[in-house]
Structures are given as C-alpha cells and as structure tokens.
Amino acid sequence: MRVVQIVLFATCGLLAPSVARTQTWQIDPMHSAAQFSVRHLGISTVRGQFEKLSGSVTYDPAAPDKTSISATIDANSVNTRVEMRDKDLRSPNFLDVAKFPTITFKSSRIDHSGSGNLKVIGDLTIHGVTKEVALDVDGPTPAIKDPMGNARMGASASTKINRHDFGVNGAPAMAGDEVMITLDIEMFVPQPGK
C-alpha cells in the first residue's frame with residue numbers, strides 16, 4: 001500500500017474582518033491529518049496516515065484564485081497500525097524514506113467555481129517523482145477565533161493517484177494501484193508576538 005499524500009488547500013468566504021486580507025496561515029499539525037487508503041488483494045481496504053505534516057497557505061478571501069499552498073509530509077511518519085507493514089512501506093520496496101524522506105505539495109493554480117468549493121492543482125512529489133495532481137476541496141469553513149485569539153479555519157480535500165506513476169511499485173500482486181488520499185486541514189494565524 002502506500003503512499004500518500006499530501007497536502008492542502010485553503011480558502012474561505014465569510015471571513016472575520018480581522019482576517020479579510022492576504023495572510024499566511026500555518027497548518028496546525030495537531031489538528032490536521034494526511035490519510036490514505038488502498039485495496040488489499042482486491043477484497044478489502046487498508047487505511048493509514050502520515051503523522052507529521054507542516055506547511056503554509058497564503059490566502060486572500062477577496063481573491064481565492066490567488067491562493068498559494070506549500071506542504072511537507074515526513075514520509076517516515078507513515079502509520080497503518082501494523083509495524084511490520086509500516087517498516088515495509090518505509091523500505092526501498094515502497095517509499096524508500098532513507099533516500100526520499102519527505103513528500104511535498106506545492107500549488108500552481110486554483111480553480112474557483114464560485115460555489116464555495118475549490119480545486120487546487122499543484123505538484124506532488126513522492127519517492128523523488130513529481131506529478132501534477134488536482135485536489136477537490138470541501139469547504140472552507142468560515143474563519144473563527146480560538147480561545148487564545150488566533151484566527152482559524154479548516155478544509156478537507158481528496159484526490160486519487162496511481163502509485164506506479166511515482167515509482168512506488170512494491171507488492172504488485174497484493175496492493176492495489178490506486179491510492180485514495182484524504183486531507184483534513186486546520187490552519188491558523190497566530191496573534192502578533194505569540
């Protein structure tokens with residue numbers, strides 16, 4: 001199984017006046033998840049996640065099509081709840097994390113339908129191979145302020161990739177080719193000085 005992905009999105013309508021301008025939002029790794037699923041033997045689905053991710057989103061609610069997104073995932077943080085399988089995923093059979101320690105996403109353009117949904121197109125790099133992918137974004141939520149006074153908003157995104165396109169070719173008879181990726185992202189703008 002494999003791989004992953006990555007990465008993120010942005011966005012919002014109905015932002016509070018205090019954040020209604022171009023700002024850089026930080027992905028909150030404590031409240032975000034990069035998850036994947038792949039078929040096993042064609043009869044069941046195995047799910048996993050990457051536990052370490054970071055990144056930023058530059059966003060202007062008045063011009064969502066100018067959103068810029070950059071995200072990085074620690075490939076070594078893969079977790080499918082089976083240690084033997086996770087070691088195999090980290091090995092040269094799959095992600096080869098010793099040689100390719102990160103998975104990255106960098107947006108290149110945003111398609112905004114005007115209905116509140118976005119399609120984020122960008123370069124996804126896995127296993128040292130970069131391919132263009134499109135993330136379908138659900139959201140975003142309106143921005144809020146948390147109890148510490150930080151502006152926050154969230155979004156979810158999904159896409160499907162073929163792992164062989166990225167050179168992730170292990171266990172062809174056992175693991176499916178298509179990998180579904182789901183991202184649940186919470187972003188924040190910290191108050192100045194915090």
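Owing to the predicted nature of the structure, the values given are computational and were not obtained by experimental measurement.
Under the 4.5 Å side-chain heavy-atom criterion for Ile, Leu, Val, Met, Phe, Trp and Tyr, Val129 and Leu124 are members of the same hydrophobic cluster. Residues Met30 and Phe188 do not share a hydrophobic cluster, clusters being chains of Ile/Leu/Val/Met/Phe/Trp/Tyr side chains in contact below 4.5 Å.
Annotation: side chain of Val38 is not in contact with side chain of Met180 (no heavy-atom distance under 4.5 Å). Counting heavy atoms from C-beta outward, Gln23 and Met187 have side chains that stay 4.5 Å or more apart. Looking only at side-chain heavy atoms (C-beta outward), Val97 and Val78 stay at 4.5 Å or farther from each other. Using a 4.5 Å heavy-atom threshold, the side chains of Met153 and Thr141 count as touching. Side-chain contact between Leu183 and Phe105 is absent, with no heavy-atom pair separated by less than 4.5 Å. Residues Phe100 and Thr125 form no side-chain contact, since every pair of their non-hydrogen atoms from C-beta on lies 4.5 Å or further apart. Within the 4.5 Å cutoff, the side chain of Thr80 has heavy atoms near those of the Phe36 side chain. Two residues are said to be in side-chain contact when any heavy atoms from C-beta on lie closer than 4.5 Å; Asn76 and Lys52 fail this criterion.
Of the possible polar contacts, none joining the Thr67 side chain to the Tyr59 backbone as a donor-acceptor pair under 3.5 Å is found. Side-chain atoms of His127 come within 3.5 Å of backbone N or O of Phe166 as a donor-acceptor pair. A donor-acceptor contact shorter than 3.5 Å is absent between the side chain of Arg163 and the backbone of Phe94. Using a distance-only test at 3.5 Å, with no hydrogens or angles considered, a donor-acceptor pair links the side chain of Ser91 to the main chain of Asn93. With hydrogens and angles disregarded, a donor-acceptor distance shorter than 3.5 Å links the side chain of Ser32 to the backbone of Glu186.
Atom CG in Asp86 sits 9.0 Å away from atom CZ in Arg81 (nearest 0.5 Å). A distance of 14.0 Å separates CZ in Arg85 from NZ in Lys87, rounded to the nearest 0.5 Å. Residue Leu135 holds its CG atom at 14.0 Å from NZ of Lys160, rounded to the nearest 0.5 Å. Rounding to the nearest 0.5 Å gives a distance of 12.0 Å between CG of Asp96 and CG of Leu89. Distance check, rounded to the nearest 0.5 Å: NZ of Lys119 to OG1 of Thr159 gives 8.0 Å. Summarising the geometry, atom CE belonging to Met84 is positioned 8.0 Å from atom CG belonging to Asp88; distances are rounded to the nearest 0.5 Å.
Checking Ile185, Thr58, Val120 one by one against Ile69, the side-chain contact (heavy atoms from CB on, under 4.5 Å) holds for a single residue, Val120. Looking at Asp65, Leu118, Ile121, Val137 one by one, the single match for side-chain contact (heavy atoms from CB on, under 4.5 Å) with Asp111 turns out to be Ile121.
For Glu51, the CD atom sits in a packed shell: over 12 heavy atoms of surrounding residues, nucleotides or ligands are nearer than 6.0 Å.
Residues Ala75 and Leu95 come closest through the heavy atom pair O-CD1, 4.2 Å. Here the closest non-hydrogen pair linking Gly55 and Gln26 is O-OE1, 3.5 Å. Heavy atoms only, all atoms of each residue included: Val189 and Trp25 are closest at CG2-CD2, 3.3 Å. Of all non-hydrogen atoms in Val168 and His164, the two that sit nearest each other are O-ND1, 3.7 Å.
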Audit row: Arg152, Asp146, salt bridge (Lys or Arg N to Asp or Glu O under 4.0 Å) steps and yes/no | CA-CA 7 Å; Arg152 289 183 178 269; Asp146 66 20; 2.7 Å; yes

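Between the side chains of Asp136 and Ser158, no donor-acceptor pair of N or O atoms lies under 3.5 Å.
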